[in-house]
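Take a look at the structure below.
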Amino acid sequence: MREQICKLVAEKLPELAGVVALRQTAVGTAPYLFREGDDLSQLVLEPRYPLPSVVSMLQKRYPEARFGVVARGCDARALVEMAKRNQIDPERLYLVGFTCSAEQAAECYCAAPAPDTAGWPQAMVVGVPVAGAPPNPLVAQYEEMSLAERRAFWQQQFAKCIKCYGCRNICPECFCEACALEDPLWVEAGMLAPPFPMFHLVRAMHMASRCVACRQCELVCPAHIPLTVLYDLMRRDIGELLGYEPGADIAAAPPLSLTLADGMVHGQDQLL
Amino acid sequence: MTDTFEPKIVAFLCNWCSYAGADNAGVARMPSPANVLPIRVMCSGRVSPEMVLRAFRSGADGVLVLGCHIGDCHYISGNHRTIKRMPLLHNLLSYVGIHPDRFRLDWVSSAEAPRFAQVTQEFVEAVRALGPLAEDGW
Ligand code: SF4
Ligand code: SF4
Ligand code: FES
């Protein structure tokens with residue numbers, strides 16, 4: 001897999017300003033812009049890292065340049081949602097996609113471990129796509145939980161939060177310059193754990209129609225809060241209510257900014 | 001204790017329909033509950049999820065969002081956003097254990113003073129039955 005990717009990157013490099021990928025050296029692994037002539041033996045695929053945010057930063061800094069990126073399924077989904085919100089320009093991006101292993105997909109409860117290149121201007125996927133993994137069992141269990149149990153569960157979880165902003169910082173879909181989580185109007189400063197419901201529910205609402213289930217937030221959280229349980233429930237609701245799957249279709253407009261003429265709402269007949 | 005409990009209700013009312021409806025209910029001297037603290041907004045589409053959450057954080061036992069009926073919004077499609085956004089918030093609240101009856105989105109036109117009185121009364125009674133939000137431990 002890695003060899004195939006390096007071969008493709010080497011082929012594409014002459015026509016690109018560089019390819020964003022992970023580089024491993026003696027001091028560690030970090031995102032890197034590989035340019036023509038660079039040592040591609042240093043290009044690695046692990047660990048999972050939110051490269052889409054790096055792509056966005058580079059494209060904004062170099063508004064004419066065309067870059068490439070080595071991306072797995074979740075990265076491609078993240079790029080799709082970023083494109084819709086003017087955070088990246090797909091016309092100036094070559095997607096070198098690859099598919100995660102079945103084990104990795106299971107670990108992430110990932111439904112789509114390989115990038116979907118449909119509608120993507122320039123893309124190529126290396127490797128045989130593996131099937132999607134089953135969803136997080138906690139999400140299914142949720143239906144069985146009473147309100148009091150849900151409350152007890154999240155009170156215990158949110159009490160652990162040290163408000164490090166790691167979940168926000170790592171998220172490819174968190175890119176606003178002014179963040180509501182830093183605004184004392186919505187999140188009181190100087191209180192730990194952040195008082196319910198502001199911090200966590202504000203973030204959960206902001207992720208509705210954007211969260212692409214990359215699980216980076218959960219991976220990075222030092223308090224091990226299972227954040228994506230909430231976000232997965234929101235993803236499910238977005239599907240049922242608005243018929244939208246974040247990260248799936250680059251041509252579909254974000255539903256919360258549409259009028260009813262451009263996209264219906266389901267299951268709300270009493271209000272229509 | 002619960003018999004004396006008076007729920008605190010924050011109601012976001014859009015200027016053009018629901019606030020006028022509330023006004024007319026007052027002018028017509030229709031009994032409507034004193035538990036409701038109205039906050040006038042220009043459109044129900046102005047009500048962000050953060051505003052609803054902050055109302056809960058500030059001690060509301062229940063939050064109402066009332067706007068013009070679909071098709072009657074003064075800004076044509078302002079309430080189209082409301083009807084997409086608020087059901088998501090409603091679900092999210094229930095996912096963390098806040099009873100669904102503590103939040104309600106509905107439409108009340110300026111000509112519907114009796115409806116304003118009815119919706120607010122229903123809502124206050126529903127929240128009264130649930131008791132104070134603080135007792136849920138949030
Ligand atoms: S990463 Fe975890 S501990 Fe840090 S702010 Fe987010 S939820 Fe809280
Ligand atoms: S899983 Fe977490 S980091 Fe990934 S898009 Fe969703 S909220 Fe952001
Ligand atoms: S003006 Fe009343 S809902 Fe928009």
Side-chain angles (χ1 to χ4, degrees), chain A residues 139 142-143 145-155 157-158 180-181 183 185-188 194-209 229-234 236-238 240-242 244 254-268 270-272, chain B residues 43-45 47-60 63 65-73 75-108 119 130-131 133-138:
Chain A
V139 175
Y142 221 81
E143 302 304 327
M145 283 165 76
S146 68
L147 287 171
E149 284 167 334
R150 295 175 185 185
R151 205 152 56 219
F153 178 78
W154 288 110
Q155 270 165 355
Q157 293 298 338
F158 291 156
L181 302 180
D183 186 339
L185 184 62
W186 307 125
V187 180
E188 293 127 287
F196 182 82
M198 301 314 287
F199 188 93
H200 294 283
L201 295 204
V202 168
R203 190 167 136 73
M205 270 312 286
H206 287 195
M207 285 302 109
S209 87
V229 172
L230 274 190
Y231 306 157
D232 279 354
L233 288 161
M234 298 299 281
R236 185 194 63 184
D237 291 351
I238 286 281
E240 287 175 5
L241 201 71
L242 302 168
Y244 186 77
L256 291 174
S257 53
L258 296 179
T259 68
L260 290 171
D262 299 316
M264 265 321 267
V265 58
H266 307 287
Q268 299 298 314
Q270 80 285 2
L271 288 176
L272 286 170
Chain B
C43 175
S44 69
V47 184
S48 69
E50 289 87 340
M51 289 159 77
V52 174
L53 293 169
R54 186 168 161 180
F56 280 118
R57 166 73 187 139
S58 309
V63 179
V65 176
L66 302 179
C68 314
H69 289 268
I70 295 292
D72 295 340
C73 173
Y75 307 98
I76 318 280
S77 58
N79 58 6
H80 294 198
R81 269 75 174 194
T82 321
I83 197 181
K84 292 183 173 203
R85 179 193 292 160
M86 291 304 167
L88 287 168
L89 177 63
H90 203 182
N91 289 356
L92 179 62
L93 291 171
S94 80
Y95 298 151
V96 294
I98 293 183
H99 198 285
D101 287 355
R102 291 191 187 276
F103 178 73
R104 178 165 168 182
L105 165 66
D106 220 320
W107 316 127
V108 170
V119 167
L130 293 172
L133 179 65
E135 259 173 34
D136 291 351
W138 278 123

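Residue numbering restarts at 1 for every chain, and letters A, B, ... go by the order of the sequence lines.
- The most heavy-atom pairs under 4.5 Å with chain B, out of A:Glu188, A:Gln157, A:His200, A:Met264, come from A:Glu188.
- Contact between B:His80 and A:Ala261 at its shortest, heavy atoms only, is ND1-N, 4.4 Å.
- Here A:Trp154 is the residue among A:Trp154, A:Phe153, A:Phe158 with the most heavy-atom pairs under 4.5 Å with chain B.
- For A:Leu241, the part sitting under 4.5 Å from any heavy atom of chain B is the side chain, from C-beta outward, and nothing else.
- Within the 4.5 Å cutoff, the side chain of B:Pro100 has heavy atoms near those of the A:Leu147 side chain.
- For A:Ala148, no part lies near chain B; criterion is any non-hydrogen pair under 4.5 Å.
- In this structure, the portion of A:His206 lying under 4.5 Å from any heavy atom of chain B is its side chain and not its backbone.
- Contact count against chain B (heavy-atom pairs under 4.5 Å) is highest for A:Ser257 among A:Ala204, A:Ser257, A:Gly267.
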Could you list the donor-acceptor pairs under 3.5 angstrom formed by side chains in residues 65-72 of chain B, with sequence neighbours left out?
residue	atom	partner	partner atom	Å
B:His69	NE2	B:Glu112	OE1	2.8
B:His69	NE2	B:Glu112	OE2	3.3

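- Within the structure, no pair that satisfies the salt bridge (charged side-chain N to carboxylate O under 4.0 Å, His left out) test touches residues 80-95 of chain B, not counting sequence neighbours.
- A:Leu230 touches chain B through its side chain: at least one heavy atom from C-beta onward sits under 4.5 Å away, while N, CA, C and O do not.
- Other residues, nucleotides and ligands contribute more than 12 heavy atoms inside 6.0 Å of the CG atom of A:Leu272.
- The greatest number of non-hydrogen atom pairs below 4.5 Å with chain B, out of A:Asp237, A:Val187, A:Val265, is found for A:Asp237.
- Distance check: A:Met205 CE to B:Leu93 CG gives 9.0 Å after rounding to the nearest 0.5 Å.
- Nearest heavy-atom pair across A:Phe196 and B:Ile98 is CE2-CD1, 3.8 Å.
- Only the side chain of A:Arg236 comes within contact range of chain B, judged by heavy atoms closer than 4.5 Å.
- Between A:Leu201 and B:Leu92 there is a side-chain heavy-atom pair separated by less than 4.5 Å.
- For a residue to count as touching a neighbouring chain, one of its non-hydrogen atoms must lie under 4.5 Å from one of that chain's; by this rule A:Gln270 does not touch chain B.
- In this structure, A:Arg150 and B:Ser94 have side chains that are in contact, with non-hydrogen atoms separated by less than 4.5 Å.
- A:Arg151 places a side-chain N or O within donor-acceptor distance of the main-chain N or O of B:Asp136, the cut-off being under 3.5 Å.
- Counting only distance, with no hydrogens or angles, the side chain of A:Trp186 and the backbone of B:Arg54 share no donor-acceptor pair below 3.5 Å.
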**Request:** Dump the intermediate steps for side chain to side chain contact (heavy atoms under 4.5 Å, CB included) on B:Asn91 and A:Leu233, then the final yes or no.
**Result:** CA-CA 9 Å; B:Asn91 289 356; A:Leu233 288 161; over 6 Å; no
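- Side-chain contact between A:Leu256 and B:Leu88 is present, with at least one heavy-atom pair separated by less than 4.5 Å.
- Neither the backbone nor the side chain of A:Ser209 comes within less than 4.5 Å of any heavy atom in chain B.
- Within the 4.5 angstrom heavy-atom criterion, only side-chain atoms of A:Tyr142, from C-beta onward, approach chain B.
- When all heavy atoms of B:Trp107 and A:Leu271 are compared, the pair lying nearest together is NE1-O, 2.6 Å.
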